[in-house]
Amino acid sequence: MEKVVALAKRRGFVFPGSDIYGGLKGTWDFGPLGVALNNNLKREWWKLFVDNREDMYGLDASILMNEKVWEASGHTGAGFSDPLIEDIKTGERFRADHLLKDHGIEAEGLSAEQMDTLIKEHGVKSPTGNALSDVKDFNLMFATQVGAEGKYKSYLRPETAQGIFVNFKNVVDTMAPKLPFGIAQIGKAFRNEIAPREWLFRVREFEQMEIEYFVKEADWEAEFEKLLFDIRAWHAHIGLAPENIREFEVPENDLAHYSKRTIDFEYNYPGKGFDELAGFAYRTDHDLKSHEEASGVKLRYTPVEGAPFIPHVLEPSFGVGRAITAVLCEAYTEDEMNGEVRTYLKLPAHLAPYRVAVSPLLKNKPQLVEKAREVFTILKKEFGNVAWDDNGNVGKRYRRQDEIGTPHCIVIDFETLGQEALELADTVTVRNRDTGEQERVGIADLVEFLK
Ligand code: GAP
């Protein structure tokens, strides 16, 4: 993991947030290559779950919502808090359940009071050796004020899901969808995590890709199986090996109050082991019912025959940062090439920041540069994310492109110009990132070849 984090910083994928001021805990900034990877990942997700289907509708709701949304959803209460404990001398804050786990004591599903008792019974101390405060519930929402005098209270949304529920009626009224159907959204979410840690894994500002899939209550189990299949297909599509993914069936006593079944998709993060990557929950009709009661607005689906009813909902929920972490860990590879250790990212071509890099063999030969620009322009028009790389010698360019996961490098040489053998005129060298093998491809065939 340390190697992945170091590469991500060195090569412009992920930087610490507010770096020049010493950072801000739980925030990370995506650099030029990180934003490209991020955008590719989100575009592929949207393609797979929205564009390729007839039963999905997109949404982009506001981050700021009426505070009543969060009261109705239960987020202002104890349901959305973590157990906080403090080092009484240094004031450092910890999650009590994490501290107990570090001492080999399982605390999943326990209340703050129960954790407090366990901490006292086992004499658990702060990592500094100091005594600890009592455990108390700490709400994870960031409160904020809206309006010039801060007249209205609001929160930065802690999940994108509620934006979907409050727009259920709008989507039904405008799109007349047939049940079952889903509403999908990608967007920022914020949680004031007590102890942000492990790079992008637990942060205070992150992005989610969520679907609320509305079904008839009687169909939830069959639809759950279908979506399960689609989630597995997504993880394969982003290159995650099946042996690095585990499906954890959350036991009944640990289910969130609104859920009747939840599966956590866990990834085997290097140096950490299996931990949550994405979640998939059957949320019953809990959310629509709560919003209907609180708002007084009917949130119902009207079938062709029969009375309007509140549909039940299945929720696949993915964190972008955790997916990026898993993708980078999975892609990080070290091997030996030409007697040297080489580091490269074996990213799937549809996720790589650059689809291909184009270089003239020598940058001080105008004829080579001109021909290389011609090839670059053709590919740029077709793929968009094409790199022009003429720094250093060809060997160094290959290493650099390998390290950022560019699947192919193209070099324009004297053979391309027809100066070596006529039959090689207008052909280029295409080098494969994973094997290091090179082949000659005609410029006219390049687009097809890469596709
Ligand atoms: N609407 C359901 C929901 O938000 P969740 O399990 O709390 O469920 C869904 O979050 C996903 O969001 C997680 O599986 C994870 O990928 C991501 N996520 C949640 N909290 C996060 C955090 N603090 N940092 C990074 N990703 C987070």
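Indexing begins at 1, ligand by ligand and atom by atom, following the structure's order. Excluded from the calculations below are hydrogen atoms, water molecules and symmetry mates; all remaining heavy atoms, backbone and side chain alike, are included.
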*Any chance the rings of His312 and His286 have centres within less than 6.0 Å?*
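Ring centres of His286 and His312 not closer than 6.0 Å.
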
Is the shortest heavy-atom distance from the side chain of [X] to the side chain of [Y] under 4.5 Å?
| X | Y | answer |
| --- | --- | --- |
| Ile410 | Leu379 | yes |
| Glu193 | Arg95 | yes |
| Lys272 | Phe201 | yes |
| Arg322 | Leu200 | no |

Side chain, backbone, both or neither: [X] near ligand 1, heavy atoms under 4.0 Å:
| X | value |
| --- | --- |
| Arg204 | neither |
| Leu277 | backbone |
| Glu266 | neither |
| Ala161 | side chain |
| Leu200 | backbone |

Which of the numbered atoms in ligand 1 are under 4.0 angstrom from any heavy atom belonging to [X]?
| X | result |
| --- | --- |
| Gly279 | 14 (O) |
| Glu210 | 1 (N), 2 (C), 3 (C), 4 (O) |
| Glu276 | 6 (O), 13 (C), 14 (O) |
| Ala278 | 14 (O) |
| Glu159 | 1 (N), 2 (C), 3 (C), 4 (O) |
| Arg283 | 1 (N), 2 (C) |

Using atom types as modelled and distance alone, determine if a side-chain donor or acceptor of [X] lies under 3.5 Å from a backbone N or O of [Y].
| X | Y | answer |
| --- | --- | --- |
| His122 | Leu118 | yes |
| Asn385 | Pro353 | yes |
| Asn66 | Lys68 | yes |
| Ser133 | Glu86 | yes |
| Ser295 | His291 | yes |

Any idea which protein heavy atom is nearest [atom], and the distance to it?
| atom | value |
| --- | --- |
| atom 11 (C) of ligand 1 | Ser317 OG, 3.8 Å |
| atom 19 (C) of ligand 1 | Arg191 NH1, 3.5 Å |
| atom 10 (O) of ligand 1 | Gln208 NE2, 3.4 Å |
| atom 18 (N) of ligand 1 | Phe206 CE1, 3.5 Å |

*Pick one: which of Ile85, Ile194, Leu100 meets side chain to side chain contact (heavy atoms under 4.5 Å, CB included) with Phe94?*
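Exactly one pass, corresponding to Ile85.
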
Below 3.5 Å, N or O to N or O, backbone or side chain included: is there any such pair between [X] and ligand 1?
| X | answer |
| --- | --- |
| Val203 | yes |
| Gly319 | yes |
| Phe318 | no |
| Glu315 | yes |

_Passing candidate, ring pair (Phe, Tyr, Trp, His ring centres under 6.0 Å) with Phe214, options Tyr301, Tyr57, Phe168_ =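 In the set Tyr301, Tyr57, Phe168, the residue that makes a ring pair (Phe, Tyr, Trp, His ring centres under 6.0 Å) with Phe214 is Phe168.
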
*Does some non-hydrogen atom of Phe265 fall short of 4.0 Å from ligand 1?*
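In this structure, Phe265 fails to qualify as a contact of ligand 1 - no heavy atom is under 4.0 Å.
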
*Tell me which one of Phe201, Phe280, Tyr267 gets a heavy atom nearest to atom 25 (C) of ligand 1.*
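Ranked by closest heavy atom to atom 25 (C) of ligand 1, first place is Phe201.
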
_Between CD on residue Glu92 and CG on residue Leu132, distance to nearest 0.5 Å_ =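 If we round to the nearest 0.5 Å, Glu92:CD and Leu132:CG are 10.5 Å apart.
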
